[in-house]
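First listed ligand is number 1; within each ligand, the first listed atom is number 1. Quantities reported herein were computed from a predicted structural model and do not represent experimental measurements.
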Amino acid sequence: MLSLFLGQASSVALADGPSGISMEEYQSRRETVRKEIGPDALFVLKGAAKREGVTDFRQSSSFYYLSGVTDPGVILMLDPGGPDGEILFLPDRNPRGERWDGLRLYPGEEAEKATGFGKTRPLSEYEGILARRAARKKVIYYDYRRVAVKESLPAGLDTILRLQLRGSRPGRDPIRLAHSGSILTGLRQVKSQAEIDLLTRAITITCDGTREAMRSIKPGMYEYQIQAILEYVYRREGAQRTGFSSIVGSGPNSCVLHYRDNTRQMKEGDLVVVDVGAEFGYYTADVTRTFPVSGKMSPRQKEIYEIVLRAQKEAFEIVRPGATMGEVHQKARDVIDAAGYGKFFIHGTSHWLGLDVHDVGQRRRKLEPGMVLTVEPGIYIPEEEIGIRIEDDLLVTDEGYLHLSAPLARELDEIERIQAEPGLEERAARGGTTQIRQVR
Ligand SMILES: [Mn+2]
């Protein structure tokens with residue numbers, strides 16, 4: 001079995017979880033792209049390249065979205081008017097390479113069966129096929145933003161540019177280049193049920209991790225020790241990796257929005273901002289809680305916390321089909337402004353969530369059922385070492401929203417109760433249960 005195809009492998013390895021995305025769903029996504037671009041266009045997307053010395057390869061999110069294929073260095077072509085509709089370009093079989101990297105997909109029937117692509121061809125044929133097919137098209141969709149940040153042109157782009165610049169088609173309009181993201185952004189913005197299942201799983205695992213951190217934290221611990229507990233929980237519960245670098249910011253670091261060093265020793269009286277997300281089946285959570293290292297907040301910390309929580313709750317109520325992210329932000333801003341802390345709220349309230357933590361999507365597009373966004377107001381007062389952010393993940397539904405990260409407490413009295421429970425290491429030392437999932 002070609003186990004590198006995660007869409008299939010995950011349904012085997014993770015029998016108790018969602019079965020991942022079906023082959024049919026990947027096929028229907030490609031069909032949607034073909035319909036949207038029409039027969040005059042060609043769509044080309046290159047997967048992420050293998051990086052030397054980096055063992056944890058992750059496919060690019062858009063390539064994964066259209067294929068489920070997790071092999072490095074592969075290319076897909078969608079050709080709506082063409083004889084086959086789609087081609088997946090794969091490297092030739094390399095028995096020596098297999099000794100290092102294990103089995104990969106190779107051109108042929110086996111890969112077509114495993115991936116659901118109508119046709120596979122060797123990568124060596126890509127340039128020739130691209131040149132022939134592009135010559136008949138008016139538009140080529142390509143990820144040229146990725147090209148701009150790479151030192152060398154990826155395979156095929158020079159062919160496209162040559163066709164354009166040489167005016168190889170006298171009497172006809174030049175081929176127009178369009179960004180592949182102009183099609184994919186809109187599609188990725190609305191999640192299917194299978195995607196929502198994976199996101200829910202990632203979020204549930206993340207909630208379990210932060211709850212364990214709440215129980216385990218103590219003055220004297222280092223931020224990285226809390227990070228270790230969080231990430232232990234993620235892997236133990238089947239998450240493949242974190243969706244982004246875990247942020248554990250205590251004391252003055254609670255006011256640093258993207259703090260990632262996690263090196264400080266925490267002390268009595270500190271707040272800690274834990275902004276984290278497990279990745280499950282390529283989908284990532286993004287949940288933030290702020291809690292006291294000692295288990296009890298000071299009256300002043302409580303006062304600020306309650307303002308942020310109120311802003312978040314009121315912003316939730318804006319989330320429904322037809323509303324915009326801007327309106328959600330405005331509500332949170334209004335509450336914090338009214339409380340007199342407007343100048344300490346220094347970032348936006350929401351972003352899209354999915355295959356990427358800051359997922360693609362148009363900010364101005366009205367909310368629709370199936371979209372997933374974060375709601376994360378914050379107040380940061382560096383001179384008092386009070387940084388408070390509360391972040392939750394919401395799924396837009398027909399009626400309003402579903403609070404996907406609801407399993408993790410936000411109310412201070414509930415957080416206090418969790419913090420009073422014995423932590424992971426304490427339970428292990430006692431020889432008691434290290435059961436992580438909350439018993440409800
Ligand atoms: Mn976020």
Participant: Answer with yes or no after comparing the ring centroid distance for H179 and Y142 against a 6.0 Å cut-off, counting only values under it.
Facilitator: no

Participant: Check D286 and report its N/O/S atom nearest to the Mn ion (ligand 1), by atom name.
Facilitator: OD2

Participant: Is the Y126-F89 ring centre distance short of 6.0 angstrom?
Facilitator: yes

Participant: State whether D356 and R188 are salt-bridged, where the test is any N-O pair (Lys NZ or Arg NE/NH1/NH2 against Asp/Glu carboxylate O) under 4.0 Å.
Facilitator: yes

Participant: Donor-acceptor pair, distance only, cut-off 3.5 Å: does the side chain of Q27 make one with the backbone of G116?
Facilitator: yes

Participant: Does any N, O or S atom of D275, backbone or side chain, fall under 2.8 Å from the Mn ion (ligand 1)?
Facilitator: no

Participant: Determine yes or no for a side-chain-to-main-chain donor-acceptor pair under 3.5 angstrom, with S22 supplying the side chain and E25 the backbone.
Facilitator: yes

Participant: Out of the N/O/S atoms in E391, what is the name of the one closest to the Mn ion (ligand 1)?
Facilitator: OE2

Participant: What N/O/S atom of E376 is the closest to the Mn ion (ligand 1)?
Facilitator: OE2

Participant: Measuring to the Mn ion (ligand 1), does H358 have an N/O/S atom at a distance below 2.8 Å?
Facilitator: no

